[in-house]
Amino acid sequence: MIYLDVTRESIVVGCDVCQVWYVMAFTKLEAWEAAAAHEKRTHPGSTQAQDALSEAKRKARLAV
């Protein structure tokens, strides 16, 4: 499962299945984009990050 560790300054994205994959991002949209790319490459068939990315994109469109 992909998780986000969100602070006021940044977001660390991690994968608890791999336990060695981490990425830093500055927005939730960036974070979920990186997570979805990792998930697609490394965990084909999983959709948790892709689903979260779709939701983040939807929220970003509503905020405009």
Worksheet item: Which salt bridge (charged side-chain N to carboxylate O under 4.0 Å, His left out) pairs, counting each pair once, include a residue from residues 17-44, with sequence neighbours left out?
Response: none

Practice prompt. Kindly give the cluster partners of V23, where membership spreads through any ILVMFWY side chain lying under 4.5 Å from a current member.
Written response: I2, L4, V6, I11, V13, W21, L29, W32, L53

Worksheet entry | Other ILVMFWY residues reachable from V12 by side-chain steps of under 4.5 Å | Y3, Y22

Item to complete: Using side chain to side chain donor-acceptor pair (under 3.5 Å) as the criterion, list what pairs up with R58, not counting sequence neighbours.
Response: E55

Worksheet, complete the sentence: In short, side chain to side chain donor-acceptor pair (under 3.5 Å) pairs touching residues 5-18 with sequence neighbours left out are none

Worksheet item: Can you name the side chain to side chain donor-acceptor pair (under 3.5 Å) partners of D51, sequence neighbours left out?
Response: T47

Worksheet entry | Residue pair C15, H43: steps toward the side-chain contact (heavy atoms from CB on, under 4.5 Å) verdict | CA-CA 10 Å; C15 176; H43 308 291; 3.3 Å; yes

Worksheet item: Going by the ring-ring contact (aromatic ring centres under 6.0 Å, His included) test, which pairs reach into residues 44-64, not counting sequence neighbours?
Response: none

Worksheet entry | Residue list, side chain to side chain donor-acceptor pair (under 3.5 Å) with T42, at least two apart or on another chain | H38

Worksheet entry | Residue M1 excluded, over 12 heavy atoms near CE under 6.0 Å | no

